2 protein chains.
Amino acid sequence: MKGLMQNQPLLLSSLLKHAERFHSRTEIVSRTVEGSIHRYTYGDAARRTRRLADALTRHGILQGDRVATLAWNTFRHFEIEHGVTGIGAVWHAINPRLIPDQISYIANHAEDKILFFDSSFLPLVEKLAAGLSSVKMFVLMADRAGMPRTTLPNLLCYEEFVDLGKEEFEWPVFDELSASSLFYTSGTTGNPKGVLYSHRSDILHCLCICGAYAMGIAPRDTLLPMTPMFHANGAWGLTHAAPMVGAKMVLPGPKMDGAAIAELIDREGVTMAAGVPTLYSNLLQYLESRGTGAGTLERIIVAGSAPAPSLIEGLERLGVSVNHLWGMTETSPCGTSSQPSRRTASLSPQDRLRRKTSQGQPIYGVDIKIADERGSEMPRDGKSSGRLMVRGPWIISGYYGEDKPLLEDGWFNTGDLAVMDDDNYIQLTDRAKDVVKSGGEWISSIDLENLAKGCPGVTEAAVIGVPHPKWEERPLLIVVPTSGATVTAQSIRAYLDNKIAKWWMPDDIVFVDALSYGATGKIQKMELRQRFSGHYSAPARGDSARVPQGTSAQSNAS
Amino acid sequence: MKGLMQNQPLLLSSLLKHAERFHSRTEIVSRTVEGSIHRYTYGDAARRTRRLADALTRHGILQGDRVATLAWNTFRHFEIEHGVTGIGAVWHAINPRLIPDQISYIANHAEDKILFFDSSFLPLVEKLAAGLSSVKMFVLMADRAGMPRTTLPNLLCYEEFVDLGKEEFEWPVFDELSASSLFYTSGTTGNPKGVLYSHRSDILHCLCICGAYAMGIAPRDTLLPMTPMFHANGAWGLTHAAPMVGAKMVLPGPKMDGAAIAELIDREGVTMAAGVPTLYSNLLQYLESRGTGAGTLERIIVAGSAPAPSLIEGLERLGVSVNHLWGMTETSPCGTSSQPSRRTASLSPQDRLRRKTSQGQPIYGVDIKIADERGSEMPRDGKSSGRLMVRGPWIISGYYGEDKPLLEDGWFNTGDLAVMDDDNYIQLTDRAKDVVKSGGEWISSIDLENLAKGCPGVTEAAVIGVPHPKWEERPLLIVVPTSGATVTAQSIRAYLDNKIAKWWMPDDIVFVDALSYGATGKIQKMELRQRFSGHYSAPARGDSARVPQGTSAQSNAS
């Protein structure tokens, strides 16, 4: 027996429809790539998006066709997201921070038909164009006056493209399981892999993140998604959530230094921001130096990697509450939330802080287990580390274009290692690929890094496993010293001593000027592994004691 | 092209599964029908519900079979709700406040196979049993020691019934469009009509009500659903939402006077309650007389009918914020929310209060229009009154067992009349059936009632349209005077004078000791209409002036 309720498909076009009907005067404010501030409303956005959609259709884009963007968070990117998905085509948001070869690879792998791009990416697109075999049309996201001279063939101007469409366009109705958007994610090895969301998974994910137990987004909010729309699912789903609840949205474009972000907060009355830890570090530093508080900013979503305790404390001193969520492209991305549990109120400030740096609790819709190699769930004792596995209606079932079965008995293996405590808080212990495997035992690179960052004079720290002739791998600690501070390998070793098991002590400590971070705020360990792959292989080092005296420390730290 | 995300059906069994996995120690506390306090956890509830489900299966209950309850909000009712729906059978929650003939009618119409009931309803069930043609088994919701002597055939004891099942039972997976539960709603005329929810509509509705823009339910909350589970959708969906977010739940049984509710709030740390205005009036009166504040209670959901401004002010004086939502059985029920909009902060306290008594703004998932007779949307000017029409994935498509098409061009006509202002706040002006149609013009019974309730000495007021030989209908005002106060028809007329158009003035004012309210807190106007149907037909009254001097006022008010 079927229920007798209206069975309307869950489609992304419903979001802008709702915002236009009931929040038509609420603003979307963008800092454009060119630097100026653009301001319009959901009503304007909805009308222009329908014109864009009509124009896409007139240009022959059909349901299922892939349409790519290389762009920052601005109103035009928002229109493309909703226009492309609204007609049942697939929005492919390309991460411009990938190396050019990878961009070519994924655009060809996705068989993108049109590429929309910001003017700042013109040199890149000019370079790549000849190799993009499926792209029939390039559209530069600018008005006629902003169109540059270029050698690019088939280049259209975005505003002229939109002008081709009619505002009266009506959104088609189709199967909610249809693909909506495609995001490639880089693995440890091989080419990036595509995660293909559906309209159903997107709407369910969006309903979830609006929940008070997840991000808790309300109509009175003004959202500032600093996380780029080319990350998982359109700025972590916020470009869906804002029209769903009718929140004002502030899109920061590419300019995300502390001063630029603080200016947007002040001028637009931002109540909630979302981004990776690095961006907040910059913002905090700026706000602290300015000394006038955080203004209207009430709370932030931080994800991508765990925020340092000092970052959380700094923001909370300014009255900004911190909600750390965990997720990945394959999980749409919201998988957990560190919102307070029933037991949080009774915890010590220290334990409460620890929970905020943890990955939080599973939320409804994302079943999670910490499993051993055979898939059996491990004790929730805060100690038993295992593979973090997830399943649910907004979790990946397979990568785009890959036949190889991805799931293990219905579960997706995230590649993270984690423990779960008896209040179901999850703590990542390491990426499976980042763990250092020394003589059959595992060393957590995250634990070592966090400890090292506590050592006076250490600003940033990375630990990698480096091939070792005797122990398979041994940890190498790479440190960015605090400017002006005196720090040596010896002082760091002294600091670590007695805080870790003897065999965890890094065999060497290397000082560098800076570490490079990926788009999601994670240290680019693959780069470090390549750079230091022979570090313990040279006879002099390979034969050294388990805890040798590094020589590179002094040389680089001076 | 289909997305590549896990496509799991949205089933109600996922709620208890989630709560058991991640909130297993969170409590469900019940005041039983017998008066004692029962206390267990989601872990216990999940295990017992699986046993119940297994027992139902062993008793031959199949997917689609209807299983009825006549019960108050307690843990056993919660188990039945989740056990019955979890196996794909249909939970039919009967409103025990219906008259016995109606109960028989709906149990037979639904073809209920089993009837579970609280001990307090035994006399009722004994009386009805012979006429319940489809019911093969009665189960009294008690343990063996609580089983009374009865003439009822085929009577089982609930705890023995549960004991028959195995804890290892696994929830079946089936189509999410399957029917989940059945609630009958009384119309103006004819027999009650059945609203048949689906698993899909229930889960979508639940994700929505947990949203910060709707009820905003969080894991740290302790919920007290005073609204009965036999109302729309298991206490307005709260018996779904609590396990979804892992909130503690306090089920009050039948005892809902101010002292009993205050005791539960104090002892269990209730943060949020849900119920109709009458219950909060009682609670407020008690809390004010006690003089020790509202304790842990932070906020309330009020629905069923609009709260009086004095009720909102009284609760907010105690630090309890009031969220008024509008909905009906046919809308699952959540249709709107009066959560603050972007513009609320800039309003005067008076206008903010007015918004809280209004029906609030449409929420995502419920499209709303105020339409004229042809279905065209009316201006959103706060003045143009029209038919309140809704559509969306948790809105009814047709009544159970009725072939007649219900929707008008995809929209459900709620039967309410409303205006919408330019910030999209909705204000009900009347039930279409309650409006007084006088000489071709409409008079709002709600407006007249609200005005009359402001008159000193008036505690409750109802306005009905009474057939009139000349004007088709004329308003009759029925008043419950404040105990000890002196109020007369003349003093009320003097109060209303100049506040309303002359032709709105009730032709007569009648004083009564009490008004009777339906289960959702609405005045039983059908009763009043029957009782006073001839009031303006007697020659002496029918010929009286448009604004006659009533005589019944003094006689009843003395």
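Numbered from 1 within each chain, the chains take letters A, B, ... in sequence-line order. Values in this document were obtained by computation on a predicted structure and should not be read as measured data.
Looking at B:Pro243, there are no atoms closer than 4.5 Å to chain A (heavy atoms on both sides), in backbone or side chain. Interface residue A:Ile217: only backbone heavy atoms are found under 4.5 Å from chain B. Heavy atoms closer than 4.5 Å to chain A are found in the side chain of B:Met420, but not in its backbone. Proximity to chain A is limited to the side chain of B:Asp175, based on heavy atoms less than 4.5 angstrom apart. Heavy-atom distances place both the backbone and the side chain of B:Tyr400 under 4.5 Å from chain A. Residue A:Glu176 touches chain B through its side chain alone, counting heavy-atom pairs closer than 4.5 Å. Heavy atoms of B:Ile395 lying under 4.5 Å from chain A belong to its backbone as well as its side chain.
Between chain A and the options B:Thr344, B:Leu204, B:Ile209, heavy-atom pairs under 4.5 Å are most frequent for B:Leu204. When the candidates A:Gly88, A:Gly194, A:Ser178 are compared by the number of heavy-atom contacts under 4.5 Å with chain B, A:Ser178 comes out ahead. Most heavy-atom pairs under 4.5 Å with chain B: of the set A:Ser332, A:Ser341, A:Pro362, this distinction falls to A:Pro362. Among the candidates A:Lys17, A:Gln63, A:Arg380, A:Arg343, the residue making the largest number of heavy-atom pairs closer than 4.5 Å to chain B is A:Arg380. Of the listed residues (A:Gly64, A:Gly211, A:Pro9), the one with the most heavy-atom contacts under 4.5 Å to chain B is A:Gly211. Of the listed residues (A:Asp202, A:Val195, A:Leu182, A:Asp221), the greatest number of heavy-atom pairs within a distance under 4.5 Å of chain B belongs to A:Asp221. The greatest number of non-hydrogen atom pairs below 4.5 Å with chain B, out of A:Thr26, A:Asp423, A:Ile368, is found for A:Ile368.
Judged by distance alone, the side chain of A:Gln6 and the main-chain N or O of B:Pro393 form no donor-acceptor pair under 3.5 Å. For B:Arg220 (side chain) and A:Gln339 (main-chain N/O), no donor-acceptor pair under 3.5 Å exists by modelled atom type.
To the nearest 0.5 angstrom, B:Asn424 atom CG is 7.0 Å from A:Ser24 atom OG. Between the OH atom of A:Tyr364 and the CG atom of B:Leu15 there is a distance of 5.0 Å, given to the nearest 0.5 Å. Rounded to the nearest 0.5 angstrom, B:Phe22 CZ and A:Ile363 CD1 are separated by 11.0 Å.
Annotation: side chain of A:Arg342 is in contact with side chain of B:Thr222 (closest heavy-atom distance under 4.5 Å). Side-chain atoms of A:Leu10 and B:Arg200, non-hydrogen and from C-beta on, do get closer than 4.5 Å to each other.
Across every non-hydrogen atom of B:Trp394 and A:Met5, the tightest pair is O-CE, 3.2 Å.
Within 6.0 Å of atom NZ in B:Lys369, more than 12 heavy atoms from other residues, nucleotides or ligands are found, so the atom counts as buried in its surroundings.
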